[in-house]
Amino acid sequence: MIIFKKLAASFSPTVNSGGGSIGSQPLKQILRKLQVNWREVKWIVSLFVLTVLLSLVVYRSTSLVQPLLPQFPRLSTLVPPLVAAKQEINNTDTIEAKDMRNMARILKEASLKDKNTVIVTMMNQAWAKPNSIFDMFLESFRIGNGTNRLLRHIVVLCLDDKAYSRCLEVFPRHCILLRTPGVDFSGEKRYMVPDYLKMMWRRTEFLGTLLKLGYNFLFTDMDAIWLRDPFPRLVADVDFQIACNLYFNGNFSDMRHNAANGGFKYVMSNNRTINFYDYWYDSRLRFPGKHEQDVLNYIKLDPYVKEIGLKMRMIDTVDVASFCQPDWDITKVCVMHGNCCIGQANKVKDLRHVLEDWTNFFVNGDRKRGFRQPRNCRRSNRWRPPRRPKRSG
Ligand SMILES: *[C@@H]1O[C@H](CO)[C@@H](O)[C@H](O)[C@H]1NC(C)=O
Ligand SMILES: *[C@@H]1O[C@H](CO)[C@@H](O)[C@H](O)[C@H]1NC(C)=O
Ligand SMILES: *[C@@H]1O[C@H](CO)[C@@H](O)[C@H](O)[C@H]1NC(C)=O
Ligand SMILES: *[C@@H]1O[C@H](CO)[C@@H](O)[C@H](O)[C@H]1NC(C)=O
């Protein structure tokens with residue numbers, strides 16, 4: 001700033017005096033004056049350039065030594081993770097003691113017998129209304145092939161009181177009220193509204209807590225229709241498996257070229273995933289205003305993730321499909337995610353079609369028709385799915 005002021009000061013007299021008196025002064029005199037001024041300016045410019053270079057060097061070296069230190073209040077890497085976990089759960093004021101006891105009971109009941117695994121989903125008041133997303137979600141488990149037995153493992157995170165009471169009404173002993181003081185999560189949330197972002201980050205925080213409690217989880221967005229059991233298509237010895245956003249290039253370990261979709265992920269509880277979830281959650285401070293899914297895509301290749309040894313894997317879009325895709329194989333799809341859609345009414349209509357088409361295929365034995373295009377959703381955001389790209393593997 002100071003440098004700029006000096007620069008301005010040294011330029012403006014030249015311009016003024018030159019401009020104001022050019023007719024009365026001999027040319028030589030003007031040139032000499034300009035020369036003097038240029039010497040001055042040159043000196044200031046070199047000082048400026050030097051300062052910039054120096055600060056770049058300093059910045060580079062500090063960021064190499066400790067890239068995260070300035071932005072990170074929680075030094076999760078320095079604290080043994082499981083100790084940190086217990087402290088955090090005790091310090092979490094957002095889960096009240098009563099809810100905590102309730103949560104512990106529900107998680108215990110829901111966890112798959114031998115694997116400590118729960119299926120987690122989340123809703124607010126808007127999705128909990130009768131004949132809306134929640135009802136279709138549950139219905140899909142009832143009419144899917146081999147999915148009915150998965151219902152008992154579902155845990156529903158309710159973001160407001162109305163969602164919670166509807167959940168208790170139709171799906172008792174599966175409902176957890178996840179309070180967030182000072183935030184109203186009850187309305188229909190458009191993508192990227194501040195409250196929507198808070199909702200997404202609240203979810204990431206909670207899922208990290210689950211890992212610390214020792215639960216593996218499969219998180220599914222609720223606007224997903226479960227038609228087959230996806231567990232047999234997932235891999236046992238991987239820490240973090242996640243669905244693709246838009247398309248899958250055929251290489252399960254190619255995190256670089258496959259974008260992740262936070263709406264469906266299977267995560268095992270261990271030190272690596274606990275550290276990763278802390279890192280992910282903390283990274284929101286480095287990318288303010290960003291959605292957790294975007295941040296995941298920014299950080300998934302970070303050296304830190306490599307360092308903790310997190311094993312990641314993509315989930316094939318054949319198994320966990322979405323409305324973002326151009327087409328689907330009804331003989332293989334496990335889960336259909338109703339994303340790439342704006343407006344709850346559009347989503348509900350098109351997900352209803354998925355349920356109808358499935359019934360037509362599975363119950364009535366019509367093998368020809370497959371799934372209709374989600375026309376209401378396509379129209380809602382003028383989304384045209386990309387052509388099916390070539391698979392690499
Ligand atoms: C957490 O709180 C409970 C009850 O208040 C207490 O028994 C327990 O020791 C605390 N745990 C830690 C790690 O501080
Ligand atoms: C349904 O599941 C059974 C048992 O896994 C399997 O044999 C059958 O092929 C499945 N049907 C469809 C349409 O996927
Ligand atoms: C798959 O992706 C990984 C990670 O980017 C890469 O190392 C590997 O060579 C790829 N495999 C194939 C068959 O392209
Ligand atoms: C996690 O890390 C802690 C401390 O580094 C260690 O004591 C513990 O055995 C680890 N747990 C697992 C499941 O690897």
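In each ligand, atom 1 is the first atom listed, and ligand 1 is the first ligand listed. The first residue in the sequence is number 1, and the count goes up from there.
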May I ask you to say whether E205 pairs ionically with R202, meaning some side-chain N is under 4.0 Å from a carboxylate O?
yes

Where's the contact between D254 and ligand 3, heavy-atom distance under 4.0 Å: side chain, backbone, both or neither?
both

Sequence neighbours excluded, the answer for disulfide (SG to SG under 2.5 Å) partners of C158 is none

Atom pairs, nitrogen or oxygen, ligand 2 to protein, under 3.5 angstrom:
from: ligand 2; atom 1: 2 (O); to: N145; atom 2: OD1; distance (Å): 3.1
from: ligand 2; atom 1: 2 (O); to: N145; atom 2: ND2; distance (Å): 2.4
from: ligand 2; atom 1: 11 (N); to: N145; atom 2: ND2; distance (Å): 2.7
from: ligand 2; atom 1: 14 (O); to: N145; atom 2: ND2; distance (Å): 3.3
from: ligand 2; atom 1: 14 (O); to: R228; atom 2: NE; distance (Å): 3.0
from: ligand 2; atom 1: 14 (O); to: R228; atom 2: NH2; distance (Å): 3.2

Please list, in number order, the atoms of ligand 3 under 4.0 Å from a heavy atom of S253.
1 (C), 2 (O), 3 (C), 4 (C)

Regarding T317 and D319, is there a side-chain donor-to-acceptor distance under 3.5 Å anywhere?
no

Donor-acceptor pair between D254 and H257 side chains, under 3.5 angstrom:
yes

Presence of salt bridge, E109 and R105, under 4.0 angstrom
yes

Which pairs count as salt bridge (charged side-chain N to carboxylate O under 4.0 Å, His left out) when at least one residue sits in residues 340-351, sequence neighbours excluded?
D223-K347

Who passes side chain to side chain contact (heavy atoms under 4.5 Å, CB included) against N297, sequence neighbours left out?
A259, A260, Q293, K300

